[in-house]
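Worksheet for the structure shown next.
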There are 2 protein chains.
Amino acid sequence: MKHVFITRDGSLKARWQDALPDAIGVTSGQAITRSEPEDVVWITTTVDDWREQTTAISRQGVSVVVMSYAPNDREALLALELGARGYTHTFSAPEVLKQIALVVTHQGVWVGQSLLSRVLTGSVQALQQRTSDEITRQGLQTLATLTERERAVALAVARGAANKEVARELTITERTVKAHLSAIFKKLAVRDRLQLILKLSSDAEKRLS
Amino acid sequence: MKHVFITRDGSLKARWQDALPDAIGVTSGQAITRSEPEDVVWITTTVDDWREQTTAISRQGVSVVVMSYAPNDREALLALELGARGYTHTFSAPEVLKQIALVVTHQGVWVGQSLLSRVLTGSVQALQQRTSDEITRQGLQTLATLTERERAVALAVARGAANKEVARELTITERTVKAHLSAIFKKLAVRDRLQLILKLSSDAEKRLS
DNA sequence: TCCTTTACTGTCCTTCAGTACAATAGGGAG
DNA sequence: CTCCCTATTGTACTGAAGGACAGTAAAGGA
């Protein structure tokens with residue numbers, strides 16, 4: 001079992017070797033021939049054909065972890081859809097890399113704390129809209145100070161939903177949505193929904209780093 | 001670190017103890033008081049309030065694995081959405097249970113071989129439908145299609161500024177700001193400033209990668 | 001020169017967001 | 001059994017947002 005790092009020039013970053021002493025670096029062209037079913041292949045999104053590589057390698061039963069310089073949930077989704085079992089920041093600490101290696105070699109999936117919930121929340125909302133109260137679960141610290149219902153409203157608004165839409169979604173009147181919003185604005189010290197969106201999305205970004 | 005199994009009657013199955021000798025069994029009522037951040041809580045879907053328990057316990061930072069007698073991807077999604085980090089069959093082999101324990105205690109997610117692809121595919125489709133125009137059409141060039149002034153207005157609005165503030169900032173009237181905004185909405189195919197903010201911030205993420 | 005684009009401004013109108021007054025009901029703490 | 005918190009809904013009001021009509025002025029290419 002070995003760790004194969006695919007980079008643009010086949011070079012290895014020091015922290016990767018810190019975490020995984022038996023790591024080897026290759027370029028995109030060499031990748032397929034150098035990896036076996038037991039291995040873990042790490043690939044950065046700076047590699048032009050990382051999508052194709054991820055698909056091809058994961059199809060052979062090899063665990064693939066995609067590393068990005070600027071992780072975001074859309075790219076994470078894409079990576080997972082292509083067959084990757086992990087998605088993380090290129091500059092993740094050695095301890096984190098070790099952890100990821102451990103997880104993916106044991107049939108686990110590693111997508112980072114916040115990404116998971118965001119990714120899944122999206123799908124659940126689409127697949128079964130009726131569970132809307134439960135959409136509010138973990139979270140952003142900001143949301144922690146809110147009540148269950150307030151959180152549900154806040155998250156809906158953060159998606160860009162209008163009061164009327166939120167009302168329909170939570171099966172309450174528009175007036176109630178306004179009531180919750182007033183409470184939310186007060187608690188989070190924001191003046192309107194615009195600032196709320198900005199606050200929530202900036203907090204979400206912080207969690208990625 | 002210990003393994004807490006929540007079952008209807010608080011009893012433990014033999015294979016659970018085979019896999020995890022330090023396992024303890026509790027009933028739903030005792031669950032919260034008996035689990036600490038380092039623990040792994042295993043809960044079967046035969047427990048009436050497994051959804052609420054999963055939500056509550058995972059919120060405290062405890063890893064929760066949901067076990068079902070008849071696993072299916074819909075329930076898996078629900079479990080993950082509620083905050084569970086694992087989802088498997090109640091009668092999983094001891095080796096599998098060990099593996100799951102290892103994965104979830106290292107910040108991984110375990111949803112089983114077959115479920116993984118289906119679950120993720122579902123979520124990918126759901127998310128991409130919602131954001132398909134952004135990804136395909138405009139992409140990174142969102143702001144590039146705008147004129148100088150429109151860009152200035154768009155950026156100010158993306159910061160959460162009101163029309164009046166933008167007007168003062170650019171030394172123009174509020175009416176002109178509205179005119180620019182109308183053009184922006186049309187060009188970028190968004191309905192209002194809320195969606196504009198969401199669009200710009202999502203594109204900003206992509207530009208970084 | 002003519003036409004197009006861009007920037008800027010005006011008034012009128014509709015809809016939405018948010019607040020200011022409320023009120024009612026249930027659950028939990030003391 | 002109160003007091004407090006939460007969830008819910010009501011009416012009325014102010015102000016902002018955005019569209020529907022406009023219009024003028026400058027710049028640049030055909």
Side-chain angles (χ1 to χ4, degrees), chain A residues 130-137 139 142-201, chain B residues 28-29 32-33 49 52-53 55-56 59 141-201:
Chain A
R130 60 178 166 288
T131 62
S132 52
D133 322 48
E134 293 143 354
I135 288 174
T136 64
R137 141 234 37 197
T142 320
L143 292 176
T145 61
L146 304 179
T147 67
E148 196 76 18
R149 289 305 254 179
E150 286 166 356
R151 226 169 301 159
V153 172
L155 286 175
V157 167
R159 294 200 327 265
N163 289 344
K164 197 170 293 181
E165 294 169 336
V166 180
R168 206 179 314 124
E169 199 172 303
L170 301 185
T171 338
I172 52 180
T173 63
E174 194 179 339
R175 179 64 190 83
T176 309
V177 174
K178 288 185 176 181
H180 286 311
L181 271 178
S182 292
I184 293 168
F185 295 153
K186 191 164 191 174
K187 281 187 181 177
L188 303 187
V190 293
R191 69 178 181 200
D192 55 24
R193 62 208 298 121
L194 294 212
Q195 303 299 327
L196 175 63
I197 291 181
L198 294 172
K199 187 177 188 68
L200 291 184
S201 58
Chain B
S28 176
I32 295 225
T33 55
D49 61 342
E52 293 72 21
Q53 291 286 339
T55 307
R59 251 190 220 158
Q141 305 193 342
T142 316
L143 285 173
T145 62
L146 304 179
T147 67
E148 196 75 22
R149 290 305 256 179
E150 285 167 354
R151 213 171 307 148
V153 172
L155 286 175
V157 168
R159 292 201 328 265
N163 289 345
K164 196 171 293 182
E165 293 169 338
V166 180
R168 206 179 312 126
E169 194 173 309
L170 301 182
T171 338
I172 53 181
T173 64
E174 193 179 339
R175 178 64 190 84
T176 309
V177 175
K178 288 185 177 181
H180 286 310
L181 270 178
S182 292
I184 294 169
F185 295 154
K186 191 164 191 171
K187 282 186 182 177
L188 303 189
V190 292
R191 71 178 182 200
D192 56 23
R193 64 209 297 123
L194 274 288
Q195 304 299 325
L196 175 64
I197 291 182
L198 294 173
K199 187 181 188 66
L200 290 182
S201 57

B/Glu150 or A/Ala179: which one's nearest nucleotide on DNA chain C is closer to the 5' end? B/Glu150
With a 4.0 Å limit, can you tell me whether B/Asn163 has a side-chain N or O closer than that to the phosphate oxygens OP1/OP2 of D/dA16? no
Side-chain N,O (A/Arg149) to OP1/OP2 (D/dT8) below 4.0 Å: yes
Selection from C/dT9, C/dA7, D/dG18 that lies nearest to any side-chain heavy atom of B/Ile172: C/dT9
Using a heavy-atom cut-off of under 4.0 Å over every strand shown, decide if B/Ala162 touches base, sugar-phosphate, or nothing. sugar-phosphate
May I ask you to evaluate whether A/Thr176 reaches the phosphate of D/dT9, defined as a side-chain N or O under 4.0 Å from OP1 or OP2? yes
Does OP1 or OP2 of C/dT19 have a side-chain N or O of A/Lys178 closer than 4.0 Å? no
Once you round it to whole Å, what is the distance between P of D/dA16 and CD of A/Gln195? 15 Å
Is the count of non-hydrogen atoms from other residues, nucleotides or ligands lying under 6.0 Å from A/Lys164 atom NZ greater than 12? no
Does C/dA7 have OP1 or OP2 under 4.0 Å away from a side-chain N or O of B/Thr147? yes
Is there a donor-acceptor pair closer than 3.5 Å between any side-chain N or O of B/Ser182 and the backbone N or O of B/Lys178? yes
Measuring from the side chain of A/His180 (C-beta onward, heavy atoms only), which nucleotide among C/dG10, D/dG18, D/dA7 has the closest atom? D/dA7
OP1 or OP2 of C/dT19 under 4.0 Å from side-chain N/O of A/Ser182: yes
So what does A/Arg175 hit on the nucleic acid, given a heavy-atom distance under 4.0 Å: a base, only sugar-phosphate, or nothing? base
Would you say A/Asn163 and A/Arg193 are linked by a side-chain donor-acceptor pair, where the criterion is simply a distance under 3.5 Å? yes
Side chains of A/Val177 and A/Leu170 in contact at under 4.5 Å (non-hydrogen atoms): no
